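A quick write-up on the structure given underneath.
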Amino acid sequence: MSSTRKILLILGFLSTLAVIALIAVAVTQNKPLPKNIKYGIVLDAGSSHTNLYVYEWPAEKENDTGVVKQVEVCKVEGPGISGYSHATEKAGPSLAQCLQQAKEVIPSTQHKETPVYLGATAGMRLLRLENESAADEVLSSVETTLRLAPFNFQGARIITGQEEGAYGWITINYLLGSFKQSGWKKLLHSLKSTSETSGALDLGGASTQITFVSKELSSESPENQLYFRLYGKDYQVYTHSFLCYGKDQALQQKLARDLQTVESSSLLDPCFHRGYQRTINISDFFKNPCTSDKKKQLPFSQLYIEGEGDYQKCRENIQKLFDKTNCPYSSCSFNGIYLPPLQGDFGAFSAFYFVMNFLNLAGEASPVPLNKVTRTIESFCARPWQEVKTMYQNIKEKYLSEYCFSGAYILSLLENGYEFTEDNWQRIHFLGKIGSSDAGWTLGYMLNLTNMIPAEEPAVPPLSHGSYVGLMVLCSLVLVSVLLFAWLLFHKPKCLQKGVV
Ligand SMILES: Nc1nc2c(ncn2[C@@H]2O[C@H](COP(=O)(O)OP(=O)(O)OP(=O)(O)O)[C@@H](O)[C@H]2O)c(=O)[nH]1
Ligand SMILES: [Ca+2]
C-alpha cells in the first residue's frame with residue numbers, strides 16, 4: 001500500500017471517528033433531563049363560588065412566557081365565601097374537599113414547597129362594605145384552613161378591582177403569547193409587527209372589569225392607569241372595575257329600580273321568559289350595598305316576579321343602569337367613569353363566555369356579527385319558559401332562567417356602557433380557556449407573586465440547545481468534507497489518477 005493511500009485511509013478513519021463522536025455528543029446532550037416540575041395553587045374566591053386552580057411549570061423555564069399551565073380546577077361546593085357571613089366559621093371548612101383534590105394532583109414530596117394563595121373579589125368587597133367584621137372573620141376562617149393544609153400558605157386577601165382587571169389582562173396575554181417571542185418567531189413577528197396585546201373583559205357575578213392598552217391614555221384619571229414593564233417592554237394600560245355591575249348584582253340593581261314603581265306585590269318582568277315565576281324576599285333585599293341607595297318601605301315582604309319575555313323592553317329597562325348624563329373627562333363609559341377610545345382586540349371571559357357560549361354566539365371560528373347576536377337573544381327571550389325548560393333539562397334552573405336577562409345585559413354593557421359598535425364588536429373574542437388554562441385573573445396573580453414575569457427580557461440564545469448541537473454537527477461534517485475534497489484535489493493520490501482507477 002502506497003503512503004498516500006495509507007494517509008487517505010487514516011484520514012478517512014479519523015473523519016468517521018470525528019463524526020461518530022459529534023453525533024454521540026449531540027444525542028447525549030439532547031437526552032431529556034429528568035423533569036423538574038413546580039406547582040402553584042390559587043383559590044379564586046368569587047362572589048358566586050370559589051374555584052381552586054393548580055398550575056404547573058418546568059422549574060428550569062420559569063421565566064419563559066407561556067410555560068405555566070393549569071392542570072386542575074376544582075369547583076368548591078356551595079356559595080362563595082361571602083355567602084358565609086352568617087356562619088363565618090364554615091367558610092374555611094368549605095374548601096376542604098378541593099384542597100384534598102390538590103393534594104392528590106401534586107406529588108406529596110412537593111407539597112411543602114407549593115405556594116397557595118387565596119384572592120377574594122367583589123362578593124367580599126361588598127361584604128366588607130356591609131359588615132366589615134363579618135368579612136374579617138370569613139378571611140380568618142379561610143386562612144386557618146389554608147394554614148392547616150400541607151402547602152406553603154402565602155396569604156388570603158381581598159384583591160382590588162384594579163388588580164383583578166390587571167391580572168386578567170396579564171393572564172390572557174401571557175397565554176396568548178403576546179408578551180414575548182423567542183428565536184425565529186420573534187424575528188417573524190418583528191417583520192409582521194404583530195406583537196399587540198389583547199384587552200380583557202371579565203364579567204363576574206358582582207363586578208365587571210375592562211382592561212386594555214391605550215395609546216391615548218392621558219393623566220385625566222390616574223386611578224384607571226397602570227404601567228407595566230414586562231419582558232423588556234413598557235405597557236400603558238387602562239383598567240376599571242365596576243362594583244355592582246357583575247351580572248347577579250346588575251339584576252339586583254334592576255329589580256331595585258323596578259321596585260320603585262311597583263303598585264302591588266307582583267311584577268311583570270320583560271327579562272324573564274313568559275310563564276316563568278320567581279319570588280324574592282324584600283327583607284334582605286336592600287341590605288346589599290348595590291341596592292341600599294334605592295331602599296324603600298314597601299307594604300309587602302315578598303315580591304312575585306312573572307316573566308314577560310320581551311327583549312326590547314328588557315333592554316330599555318337595563319339601559320337605565322348606565323348613567324350617561326355627566327362625564328367630567330374627555331370621554332366616559334358610564335356613571336362618570338373615564339374611558340379612553342377602545343383599542344385592539346378583546347378577550348371576553350367568565351360570564352361573557354358562559355352566556356354567549358350557551359346561546360351559540362361565542363363564535364369560536366369567527367365572530368358572530370352584532371345584528372345576528374341581537375336577533376338570537378331576542379328570539380331566545382321570546383320563547384316560553386316551559387319550552388326552554390324542556391329543551392335544556394340538564395342545565396341548572398338558576399342559570400337557564402337568567403340567560404335572557406344576561407344576554408340583554410351583556411349587550412347593554414358592551415353597546416351602551418362601553419360603546420362598542422357593529423364594527424369593533426367583531427374584535428371581541430369570547431373565550432373560556434386558552435389552551436388548557438381558564439381565562440381569569442388567577443394565573444396572572446400567581447405569575448406576579450412568584451416573580452415569574454421578568455421586567456427585562458432574559459438573555460436567551462437565539463437557538464435552542466438542540467438546534468445549536470445539530471448545527472455544530474452539520475458544520476463539522478461540511479468542514480471535514482471540504483477538507484477531504486481539497487486534499488484530494490491538491491494531492492491527487494495515485495489511485496485516483498487517470499488510468500489507475
Ligand atoms: N351559565 C353558567 N353560569 C355560570 C357558570 N359558572 C358561573 N356562572 C355564573 O356566571 C356569573 C359569573 O361567574 P364567575 O365569573 O364565577 O363570577 P364570580 O367570580 O363568582 O364573581 P366576581 O366576584 O364578581 O368575579 C355568576 O352569576 C355565576 O353564577 C357556568 O358554568 N355556567
Ligand atoms: Ca370572578
Side-chain angles (χ1 to χ4, degrees), residues 201 203-205 208 242 244-262 266-280 303-324 333-334 348 350-363 367-393 395-426 428 430:
L201 295 164
L203 179 60
T208 190
F242 291 90
C244 300
Y245 283 81
K247 78 174 185 61
D248 301 331
Q249 290 305 328
L251 179 59
Q252 297 296 99
Q253 283 200 66
K254 183 195 98 73
L255 292 173
R257 279 177 182 270
D258 295 340
L259 275 170
Q260 305 302 304
T261 50
V262 289
S266 64
L267 172 78
L268 207 53
D269 193 325
C271 300
F272 290 109
H273 297 274
R274 244 178 313 122
Y276 177 79
Q277 289 179 329
R278 172 185 288 203
T279 307
I280 62 164
L303 178 73
Y304 303 99
I305 298 174
E306 234 178 272
E308 197 184 3
D310 186 331
Y311 171 79
Q312 284 307 335
K313 266 197 195 169
C314 173
R315 272 291 294 263
E316 285 159 27
N317 201 331
I318 292 173
Q319 222 118 299
K320 295 184 190 130
L321 304 183
F322 305 106
D323 180 4
K324 309 282 281 190
S333 49
F334 52 95
S350 24
F352 281 120
Y353 178 77
F354 304 143
V355 175
M356 298 308 253
N357 182 49
F358 167 80
L359 296 164
N360 280 323
L361 296 170
V368 182
L370 182 55
N371 57 13
K372 187 177 172 208
V373 171
T374 310
R375 272 187 278 121
T376 307
I377 299 176
E378 184 160 13
S379 62
F380 178 73
C381 289
R383 289 168 70 178
W385 175 238
Q386 271 314 319
E387 184 190 309
V388 173
K389 226 170 104 168
T390 318
M391 184 148 177
Y392 303 100
Q393 286 174 359
I395 296 186
K396 272 204 242 173
E397 189 165 317
K398 152 98 173 84
Y399 291 161
L400 193 59
S401 62
E402 289 180 11
Y403 282 127
C404 166
F405 165 78
S406 304
Y409 177 65
I410 287 174
L411 285 185
S412 262
L413 176 63
L414 298 176
E415 268 193 286
N416 309 112
Y418 302 147
E419 295 179 18
F420 274 92
T421 60
E422 192 91 39
D423 286 339
N424 59 9
W425 171 269
Q426 307 272 342
I428 306 176
F430 295 93

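Because the structure is a prediction, the values reported are computed rather than measured. We number each residue from 1, following the sequence as shown. Worth knowing before you read on, the calculation uses all heavy atoms, side chains too, and leaves out hydrogens, waters and symmetry mates.
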If I compare all heavy atoms of Ala362 with all of Tyr353, which pair ends up nearest, and what's the gap? CB-CE1, 4.1 Å
Mind checking salt bridge (charged side-chain N to carboxylate O under 4.0 Å, His left out) for Asp258 and listing every partner two or more places apart, or none if nothing turns up? Lys254
Correct closest heavy-atom pair for Thr376 and Leu359 would be CG2-O, 4.0 Å
Name all residues meeting the side-chain contact (heavy atoms from CB on, under 4.5 Å) criterion together with Glu306; count only those two or more places apart in sequence or in a different chain, and write none if there are none. Leu268, Gln277
If only atom types and distance count, is the side chain of Tyr409 paired as donor or acceptor with the main-chain N or O of Tyr245 below 3.5 Å? yes
Output all residues satisfying side chain to side chain donor-acceptor pair (under 3.5 Å) with Asp310, sequence neighbours left out; order by chain, then residue number. none
Any pair with a residue in residues 372-381 that passes salt bridge (charged side-chain N to carboxylate O under 4.0 Å, His left out), sequence neighbours left out, goes on the list, sorted by first then second residue, please. none
Closest non-hydrogen atom pair, Phe322 against Gly417: CD2-CA, 4.3 Å
Ser333 meets the side-chain contact (heavy atoms from CB on, under 4.5 Å) criterion, sequence neighbours left out, with Phe242, Ile337, Leu339, Tyr418
By side chain to side chain donor-acceptor pair (under 3.5 Å), which residues pair with Asn360, not counting sequence neighbours? none
To the nearest 0.5 Å, atom OG of Ser350 lies from atom CG of Leu201 at 9.5 Å
Kindly indicate, with the supporting measurements, whether the criterion side-chain contact (heavy atoms from CB on, under 4.5 Å) is fulfilled by Ile377 and Tyr311. CA-CA 8 Å; Ile377 299 176; Tyr311 171 79; 3.8 Å; yes
Closest non-hydrogen atoms of Gln253 and Cys244, given as atom of the first, atom of the second and distance, are NE2-O, 2.7 Å
Between the CG atom in Leu255 and the CD1 atom in Ile280, the distance rounded to the nearest 0.5 Å is 5.0 Å
In terms of SG positions, are Cys381 and Cys271 separated by less than 2.5 Å? no
Side-chain contact, heavy-atom cut-off 4.5 Å: Gln386 with His273? no
As an exercise, state the distance from CD of Glu308 to CG of Leu267, rounded to the nearest 0.5 Å. 9.0 Å
Apply salt bridge (charged side-chain N to carboxylate O under 4.0 Å, His left out) to Lys320 and list each qualifying residue two or more places apart in sequence or on a separate chain. none
Indicate yes or no: at least one non-hydrogen side-chain atom of Tyr403 is less than 4.5 angstrom from one of Val388. no
Can you name the closest pair of heavy atoms from Gly407 and Val355 and give their distance? N-CG1, 3.8 Å
Could you check whether Thr421 and Asn424, counting side-chain N and O atoms only, form a donor-acceptor pair closer than 3.5 Å? yes
Residues forming a side chain to side chain donor-acceptor pair (under 3.5 Å) with Arg383, sequence neighbours excluded: Glu387
Any side-chain heavy atom of Phe352 sitting closer than 4.5 Å to one from Leu413? yes
Going by the rule side-chain contact (heavy atoms from CB on, under 4.5 Å), which residues pair with Gln426 if we only count those two or more places apart in sequence or in a different chain? Pro367, Pro369
Residues at least two apart in sequence or cross-chain that pass salt bridge (charged side-chain N to carboxylate O under 4.0 Å, His left out) with Lys398, listed by chain then number, are Asp248, Glu402
Could you check whether any side-chain heavy atom of Val373 comes within less than 4.5 Å of a side-chain heavy atom of Trp425, counting everything from C-beta outward? yes
Between Phe380 and Phe358, how do the two ring planes meet: parallel, tilted or perpendicular, split at 30° and 60°? perpendicular
Under the side chain to side chain donor-acceptor pair (under 3.5 Å) rule, collect the residues that match up with Arg274, sequence neighbours excluded. none
List the residues meeting side-chain contact (heavy atoms from CB on, under 4.5 Å) with Glu415, not counting sequence neighbours, and say none if there are none. Arg315, Leu370, Leu411
Once rounded to the nearest 0.5 Å, what's the spacing between atom CZ of Phe405 and atom CD1 of Ile410? 9.5 Å
Compare all side-chain heavy atoms of Pro270 with those of Asn317 and state whether any distance is below 4.5 angstrom. yes
Drop me the distance from Trp385's CH2 to Thr390's OG1, to the nearest 0.5 angstrom. 9.5 Å
Measuring from atom CG of Asp323 to atom CZ of Phe334, what distance do you get when rounded to the nearest 0.5 angstrom? 10.0 Å
Mark yes or no for whether Lys324, through its side chain, and Asn416, through its backbone, hold a donor-acceptor pair below 3.5 Å. yes
